[in-house]
2 protein chains.
Amino acid sequence: MRTNDTVRAIGHCGQCEQCEHCSARSQSICSVIDQRDLHQLALHSQKIEIPSGRCFIEEGETARDFFIVTDGHAKLFNLLPDGRRQITGFADCGQFLGLASIENYAFSAEALTSLRVCRFSHIGMSLLKTQFPALERRLLEEASSELVRAQARMLLLGRKTARERLASFLLERQEVAPRSDVLILSMTRTDIADYLGLTIETVSRTLNAFRRDKLIEIDHITSIKLLNLTEIRLLADGEGF
Amino acid sequence: MRTNDTVRAIGHCGQCEQCEHCSARSQSICSVIDQRDLHQLALHSQKIEIPSGRCFIEEGETARDFFIVTDGHAKLFNLLPDGRRQITGFADCGQFLGLASIENYAFSAEALTSLRVCRFSHIGMSLLKTQFPALERRLLEEASSELVRAQARMLLLGRKTARERLASFLLERQEVAPRSDVLILSMTRTDIADYLGLTIETVSRTLNAFRRDKLIEIDHITSIKLLNLTEIRLLADGEGF
DNA sequence: CGTCTGTTTGAGCGCGTTCAATAATCGTGG
DNA sequence: CCACGATTATTGAACGCGCTCAAACAGACG
């Protein structure tokens with residue numbers, strides 16, 4: 001069973017084997033690691049269940065482990081002493097956690113929903129890397145695309161208007177959504193605000209402005225339907241109104 | 001000569017062998033690559049001089065090369081269609097350029113001063129990586145610390161005030177400065193503004209407010225002396241006034 | 001000396017914030 | 001099932017930080 005779990009953690013996204021997104025991710029790592037060697041990976045990993053709301057990585061602590069999300073959602077964030085918070089990313093199924101750390105974790109992580117992760121010790125990870133050079137390559141790839149995303153977020157935080165930020169956010173959520181037109185948000189308005197560098201009031205006002213402009217439909221607080229994708233894309237790219 | 005240049009590019013920072021910062025960087029990569037193999041690296045690299053103001057990486061172009069800065073300074077940035085710009089980082093001596101790209105470059109890069117870089121083709125880099133697994137490990141380390149920096153910048157752009165941003169900027173520049181108390185800035189006020197998500201006017205006003213508060217001394221537009229480091233640190237961490 | 005570019009300074013404005021009140025949503029127990 | 005309290009979201013009114021627009025100033029270079 002442990003072997004199976006790890007295969008899922010590294011190769012497949014446990015919960016959703018039908019999921020296009022996750023199986024696409026899994027492809028790249030499954031293809032580089034020989035199936036016969038997979039049981040070896042299992043020896044170095046451990047499956048963990050984390051309840052919603054639990055903080056499982058704390059900024060500043062020595063970075064001993066490395067995680068891969070296999071089910072559920074988490075938020076990663078940084079804090080200022082007075083409580084101001086910046087969410088640097090949301091981790092969805094298949095995502096790696098712990099790349100942004102050297103000796104200590106450079107961020108905190110908290111489960112948004114009940115969460116399943118596969119945990120690897122850094123020591124075990126090092127052993128794995130020497131055994132499977134392809135793993136290191138895979139991690140570098142992941143770090144690269146993480147960096148690309150980080151730059152896009154800096155552009156957003158530094159230069160985009162509130163409307164543009166929310167439009168970008170909706171499109172980003174759409175990319176990881178199972179159904180393309182309806183988003184199920186697992187985060188609160190406060191989380192969205194802290195992710196986009198805004199206040200909850202502005203998030204709320206802007207979303208309702210979108211609704212009035214017939215760009216979206218808000219069926220429920222957590223369920224948003226994208227009506228005018230073309231216009232949302234224009235907005236997100238800074239060419240909207 | 002080519003061999004020597006590459007040794008410098010990967011191992012040492014050409015111009016400044018006395019420089020504490022650069023030799024510290026070089027240590028980590030020199031130690032993992034056998035001296036006898038260094039001439040092999042040379043076959044895959046090429047030294048390039050870039051005049052000040054020249055744009056040598058353009059966002060969206062196919063990412064064929066990988067760079068290491070050996071002398072001078074560069075700025076990396078992203079643009080919105082209407083010209084709004086976010087500088088995502090400044091590249092100083094010893095820094096890697098090109099990690100944040102998958103198939104295409106995700107950013108543009110322009111020389112701030114006359115610049116020297118060592119260029120590696122991605123193809124050559126792949127060959128090198130299989131030959132020197134330690135190189136891949138080194139790149140992953142570099143990507144990790146880049147990610148850590150990116151998160152700090154998101155916190156800055158999303159949640160810090162103008163004063164806090166400028167204080168953080170000054171400290172960041174101090175870290176790469178040869179003399180610890182006097183900064184020589186190679187970028188214009190416009191660049192600083194685009195780096196911190198502010199306008200040139202706010203940058204100018206805030207710096208002069210710092211001068212009035214006796215936190216800094218502005219000898220020349222490009223030369224800033226840090227007077228009250230304690231207070232600047234407090235400000236940067238969000239605990240100042 | 002004038003020209004060009006980059007910086008500083010001033011005055012007024014506006015986007016997003018802050019503060020405050022209301023409304024919706026969820027969980028819980030009777 | 002509804003009543004109740006706690007939490008989260010929405011809406012309104014007023015403020016203020018940083019922006020915009022505009023003018024004056026400084027430095028570099030021919």
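Chain A is the first sequence line, chain B the second, and so forth, proteins listed ahead of strands; every chain is numbered from 1.
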*Asks:* Just N and O in the side chain of A:T202: are any of them under 4.0 Å from OP1 or OP2 of C:dT17?
*Replies:*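 Yes, A:T202 has a side-chain N/O under 4.0 Å of OP1/OP2 on C:dT17.
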*Asks:* For B:R189 and C:dT7, give me the distance from atom CZ to atom P, rounded to whole Å.
*Replies:*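 Taking CZ of B:R189 and P of C:dT7, I get 6 Å after rounding.
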*Asks:* Do we see a donor-acceptor contact under 3.5 Å between the side chains of B:R163 and B:T161?
*Replies:*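 No, no side-chain donor-acceptor pair sits under 3.5 Å.
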*Asks:* Can you tell me the distance, in whole Å, between the CD atom of B:E201 and the C1' atom of D:dC25?
*Replies:*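 Distance check: B:E201 CD to D:dC25 C1' gives 15 Å.
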*Asks:* So what does B:I200 touch, heavy atoms closer than 4.0 Å: a base, only the sugar-phosphate, or nothing?
*Replies:*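 Result for B:I200 = nothing.
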*Asks:* May I ask you to establish whether A:R119 and A:F67 are in a cation-pi arrangement, using a distance under 6.0 Å from NZ or CZ to the six-membered ring centre and at most 45° from the ring axis?
*Replies:*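 Here A:R119 fails the 6.0 Å and 45° test against A:F67.
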*Asks:* Among D:dG18, D:dG12, D:dA9, which nucleotide has an atom closest to any side-chain atom of B:L198?
*Replies:*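 When the side chain of B:L198 is considered, D:dG18 is the closest of D:dG18, D:dG12, D:dA9.
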*Asks:* Consider the side chain of A:I221, meaning its heavy atoms from C-beta on, and name the nucleotide among D:dC21, D:dA9, C:dG16 that approaches it most closely.
*Replies:*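 That would be D:dA9.
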*Asks:* Do any side-chain nitrogens or oxygens of B:T199 fall under 4.0 Å of OP1 or OP2 in D:dC19?
*Replies:*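 The answer is yes; a side-chain N or O of B:T199 sits under 4.0 Å from OP1 or OP2.
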*Asks:* For A:S204 and A:R159, take the nucleotide of DNA chain D holding the closest heavy atom to each; which residue's nucleotide lies nearer the 5' end?
*Replies:*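 Checking each residue's closest nucleotide, the 5'-ward one belongs to A:S204.
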*Asks:* Taking 4.0 Å as the cut-off, does a side-chain nitrogen or oxygen of B:R205 come that near to OP1 or OP2 on C:dT9?
*Replies:*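 Checking B:R205 against C:dT9: no side-chain N or O falls below 4.0 Å of OP1 or OP2.
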*Asks:* For C:dT7, does OP1 or OP2 lie under 4.0 Å from any side-chain N or O of B:H220?
*Replies:*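 So the side chain of B:H220 is outside the cut-off, no N or O lying under 4.0 Å from OP1 or OP2 of C:dT7.
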*Asks:* Where does the angle between the aromatic ring planes of B:F169 and B:Y195 fall among parallel (under 30°), tilted (30 to 60°) and perpendicular (over 60°)?
*Replies:*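 It falls in the perpendicular class, over 60°.
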*Asks:* Grab the CZ-P distance between B:R85 and D:dC19 for me, whole Å please.
*Replies:*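 The answer, rounded to whole Å, is 15 Å.
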*Asks:* Check every atom of D:dG18, D:dT11, D:dA9 against the side chain of A:N208 and return the nucleotide holding the closest atom.
*Replies:*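 Looking only at heavy atoms from C-beta outward on A:N208, the closest nucleotide is D:dT11.
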*Asks:* Do B:N208 and B:R211 have side-chain atoms, one donor and one acceptor, less than 3.5 Å apart?
*Replies:*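 Per modelled atom types, B:N208 and B:R211 side chains form a pair under 3.5 Å.
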